[in-house]
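Beneath this line is the structure, given in structure tokens, with notes to follow.
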Amino acid sequence: MRDGTAKWFAGLAAGAAALLASPAGAVVGGREGGPQASSTVMVLNARGGVCTGIVLSRRAILTAAHCADGRTDLRIHWREGGEPVLVEPSAVALHPEFNAKAVAARKRSIDLALVRLAAPLPARFSAASLVDGPLPRAGTAITLAGYGVSREGEARSTGTYRSAALATVEPYGPGRVLIWTADPAGGGKRAASGACQGDSGGPMLDHEGGIVAVTSWSTGPGGKQCGLLSQGVLVAPQRSWIDRTLSGWGETVDWTQKR
């Protein structure tokens with residue numbers, strides 16, 4: 001491990017408290033592995049924040065905007081031959097409608113960001129497909145995946161790709177920007193599987209493995225942050241921004257058209 005990389009990981013360990021305060025995270029109550037593992041990376045920042053990122057092309061990553069907000073010292077992370085790799089982005093684009101204070105102010109926010117790499121990812125990574133079609137309705141099966149914690153508050157459990165089978169719920173009616181999901185066993189009312197610290201920016205997938213949303217937030221019982229509802233930003237309504245930004249970088253993404 002290079003000295004700079006070692007220092008970076010030391011900084012992440014020291015910043016574990018910051019990770020615990022981040023908005024959304026890892027799959028609790030899920031299983032190891034899951035769809036699109038080869039189309040995901042980790043997104044890390046020097047404050048100790050951990051997120052997940054979705055590979056759209058060899059040079060472009062989709063994640064949550066709060067993971068990249070403020071242009072903090074950001075790195076894309078994966079392992080190669082057992083050794084950690086940390087790559088600094090060459091460009092970061094936050095969605096123009098992202099509002100970092102949206103939750104406290106109870107305002108709308110599009111929590112999406114695109115990250116460009118100066119050099120292409122290794123050939124073993126594959127580009128994910130985004131779904132452009134009707135918005136999911138209540139009862140639609142959704143798989144949520146990411147590199148977050150396996151149990152809330154246990155920062156050391158990040159870094160393993162996990163997934164959970166959830167279903168779309170409509171606690172506030174049908175979403176046009178956001179999707180809400182919950183473990184059918186808990187129904188969003190009892191603690192069960194879902195997103196937690198570290199899954200922000202990770203994929204929410206349909207039954208065919210297409211990505212319908214990007215994880216952005218989670219709620220839990222009794223003052224906790226995880227285990228009840230898992231929220232994501234729907235990608236179909238944001239297609240024009242995604243395509244326009246990628247085009248400016250000379251990149252494209254695969255869209256699956258559905259009716």
Side-chain angles (χ1 to χ4, degrees), residues 1-27 30 32-94 111-128 144-150 154-163 195-203 211 214-216 251:
M1 183 185 295
R2 294 181 180 178
D3 184 58
T5 302
K7 289 181 179 179
W8 234 86
F9 276 99
L12 282 172
L19 183 155
L20 299 179
S22 62
V27 181
E32 289 194 12
Q36 299 292 359
S38 63
S39 301
T40 59
V41 292
M42 293 181 71
V43 180
L44 312 178
N45 71 57
R47 294 194 303 262
V50 177
C51 287
T52 301
I54 301 164
V55 176
L56 299 185
S57 74
R58 297 281 296 281
R59 294 176 184 264
I61 308 296
L62 176 65
T63 189
H66 74 258
C67 298
D69 185 30
R71 304 301 196 276
T72 185
D73 198 9
L74 199 68
R75 295 292 186 273
I76 303 302
H77 167 55
W78 67 90
R79 286 187 173 272
E80 200 70 45
E83 288 297 311
V85 177
L86 290 167
V87 176
E88 184 177 3
S90 61
V92 176
L94 304 183
D111 192 2
L112 292 179
L114 286 163
V115 178
R116 186 176 189 273
L117 304 179
L121 290 164
R124 68 180 178 83
F125 286 97
S126 58
L144 183 148
Y147 288 97
V149 297
S150 59
E154 295 185 359
R156 293 182 180 275
S157 66
T158 58
T160 298
Y161 193 70
R162 301 182 179 90
S163 60
C196 198
Q197 296 95 1
D199 281 339
S200 290
I211 294 171
V214 175
T215 302
S216 61
E251 302 291 328

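Residues: numbered from 1 along the sequence shown.
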- Message: Working note: Ile54 + Ile61, criterion side chain to side chain contact (heavy atoms under 4.5 Å, CB included); need CA distance, chi angles, decisive distance, verdict.
- Response: CA-CA 5 Å; Ile54 301 164; Ile61 308 296; 5.7 Å; no
Side chains of [Y] and [X]: any donor to acceptor distance under 3.5 Å?
X	Y	value
Gln36	Ser39	yes
Glu32	Thr160	no
Ser200	Thr215	no

Nearest 0.5 Å, what's the [atom1]-[atom2] distance between [X] and [Y]?
X	Y	atom1	atom2	result
Glu83	Trp78	CD	CH2	14.0 Å
Leu62	Ser57	CG	OG	11.0 Å
Asp111	Cys67	CG	SG	7.0 Å
Ile76	Arg59	CD1	CZ	14.0 Å
Asp73	Asn45	CG	CG	8.5 Å

Mind listing the closest non-hydrogen atom pair of [X] and [Y] along with its distance?
X	Y	value
Gly201	Thr63	CA-OG1, 3.5 Å
Val149	Ala155	CG1-CA, 3.9 Å
Pro122	Glu80	CG-OE1, 3.4 Å
Leu94	Ala65	CD2-O, 3.9 Å
Gly34	Tyr161	O-CE2, 3.7 Å

Quick one: are [X] and [Y] in side-chain contact, heavy atoms under 4.5 Å?
X	Y	value
Arg75	Val87	no
Ser150	Arg162	yes
Phe125	Val41	yes
Arg116	Pro89	no

- Item | Heavy-atom donor-acceptor pair, His77 side chain to Pro84 backbone, under 3.5 Å |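 Not at all, since once roles are kept as given, no pair shorter than 3.5 Å links the two residues.
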- Query: Looking only at atom types and distance, does a side-chain atom of Thr158 sit under 3.5 Å from a main-chain N or O of Gly198, one as donor and one as acceptor?
  - Reply: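 No; judged by distance alone, with no hydrogens or angles, the pair does not exist.
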- Task: Step by step, work out the side chain to side chain contact (heavy atoms under 4.5 Å, CB included) result for Leu114 and Val92.
- Result: CA-CA 6 Å; Leu114 286 163; Val92 176; over 6 Å; no
- Salt-bridge present (Arg58, Glu251; N to O < 4.0 Å):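 Salt bridge between Arg58 and Glu251, a charged N being under 4.0 Å from a carboxylate O: no.
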- Task: Kindly determine whether Thr40 and Thr52 satisfy side-chain hydrogen bond (donor to acceptor under 3.5 Å, both in side chains), including the steps that lead there.
- Result: CA-CA 7 Å; Thr40 59; Thr52 301; over 6 Å; no
